[in-house]
Amino acid sequence: MDAQPAPPLPAAFYDRPVTEVARALIGCSVSHGETAGVIVETEAYHQSEAACHAYVGVTRRTATLFGPPGVAYVYRSYGIHAMLNAVCEPEGVGAAVLIRALQPLAGLGLMRARRGPLADRQLCSGPGKLTISLGIGLDLNQSSLVDGPVQMHAPSASWREPAVDVDRRIGITKAAELPWRFVARNSAWLSRPVARA
DNA sequence: GTATGGATCTTCT
DNA sequence: GAAGATCCATACA
């Protein structure tokens, strides 16, 4: 709690292969207003595979994915849930990292006010949950992760670089076999345990 | 504790 | 008109 926030990750951080960024984001933190959490679970999406929205090409919906790196891509899924992604790779390439789960770090009271009287581990253990807890809505689509309302920060000094497990992605039907899900090993805050050790 | 089905809206064909 | 990267409540063992 006393941890002074490090400077936000620069746009260059996201200007790399999306799988590298997805792995590097494990242990980083996301903040929005009073609320913040440590990223413990991510998935990579790239225009070269069918599960990615950008697979179909540039549309009005996916334009953000093809934009410059270091920008938030927020969209609605199943008509109900907002999903937070970080756009990666150079402008013109459709790729993003989906933030699937957080370890709550700050503003837990505000999270409960938004979500209800839930246990800590239920506040951000899912892509649709964490956006509600952090108050992230569709209006934040295309906002900068470097100097916008939602920011991502490098791991605090006390965070030991965790072992990262790789797994298949969740909840998709196409290209489901790609090992593009990255999680912090032995974390208790995941949306779902790793399939195989 | 595990399993199944419903809710709800934006975007694209 | 249909599909989609989900979450929650309810039913049953």
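Since the structure is predicted, the reported quantities are computational estimates derived from the model, not experimental observations. Residue numbers begin at 1 in each chain, while the letters A, B, ... track the order of the sequences.
Note: CG (A/L84) to P (C/dT6) measures 15 Å, nearest angstrom. What separates NZ of A/K129 from P of C/dA5 is a distance of 19 Å, to the nearest Å. Summarising the geometry, the separation between CG on A/L118 and C1' on C/dC8 is reported as 11 Å, rounded to the nearest angstrom. If you take OH of A/Y75 and P of C/dA3, they are 18 Å apart, rounded to a whole angstrom. Distance CZ (A/R181) to P (C/dT6): 11 Å, rounded to an integer number of Å. Following rounding to the nearest Å, A/Q122 (CD) and C/dA9 (P) show an atom-to-atom distance of 10 Å. Taking atom CD1 on A/I132 and atom C1' on B/dT8, their separation rounds to 13 Å, with Å as the unit. Between the CZ atom of A/R76 and the C1' atom of C/dA3 there is a distance of 16 Å, given to the nearest Å.
Contact of A/H81 with C/dA5 (side chain to base): no donor-acceptor pair of N or O atoms is detected under 3.5 Å.
Contacts of A/R169 with the nucleic acid, taken as non-hydrogen atoms under 4.0 Å apart, are absent. Counting any heavy atom pair closer than 4.0 Å across all strands shown, A/I170 reaches sugar-phosphate atoms only and no base atom. At the heavy-atom level, A/I172 lies under 4.0 Å from the strands shown only through sugar-phosphate atoms.
Looking at which nucleotide of DNA chain B each of A/V58 and A/I80 is closest to, the 5′-most match is held by A/I80.
Across A/W189 and A/A101, no two heavy atoms sit closer than the pair O-CB, 3.6 Å. A/I170 and A/S191 make their closest contact through CD1-OG, 4.3 Å (heavy atoms, listed as atom of the first residue, atom of the second, distance).
Of the side-chain N and O atoms in A/K174, none sit less than 4.0 angstrom from OP1 or OP2 of C/dA5. Between A/T59 and B/dC12 there is a side-chain polar atom (N or O) within less than 4.0 angstrom of OP1 or OP2. For the OP1/OP2 pair of C/dC8 and a distance below 4.0 Å, the side-chain nitrogens and oxygens of A/R115 include at least one atom meeting the criterion.
The A/N85 side chain lies nearest to C/dA5 when the options are C/dA5, C/dT6, B/dC12. In the set C/dA5, B/dC12, C/dC7, C/dA5 carries the atom at the smallest distance from any side-chain atom of A/T173.
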>> Between A/H53 and A/Y75, is the ring-ring contact (aromatic ring centres under 6.0 Å, His included) condition met? List the steps.
In response: CA-CA 10 Å; A/H53 290 168; A/Y75 72 97; 4.7 Å; yes
>> For a salt bridge (Lys or Arg N to Asp or Glu O under 4.0 Å) check, start with the C-alpha distance between A/R112 and A/D120, then their side-chain angles and the critical distance, and finish with the verdict.
In response: CA-CA 9 Å; A/R112 283 203 186 78; A/D120 287 2; 2.2 Å; yes
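Looking at A/E43, A/E49, A/E41 one by one, the single match for salt bridge (charged side-chain N to carboxylate O under 4.0 Å, His left out) with A/R169 turns out to be A/E49.
With both pairing distances under 3.5 Å, B/dG6 is matched to C/dC7 as a Watson-Crick or G-U wobble pair.
The aromatic ring of A/Y45 is stacked on the base of C/dA5, with the two ring centres less than 5.5 Å apart and the planes inclined by under 30°.
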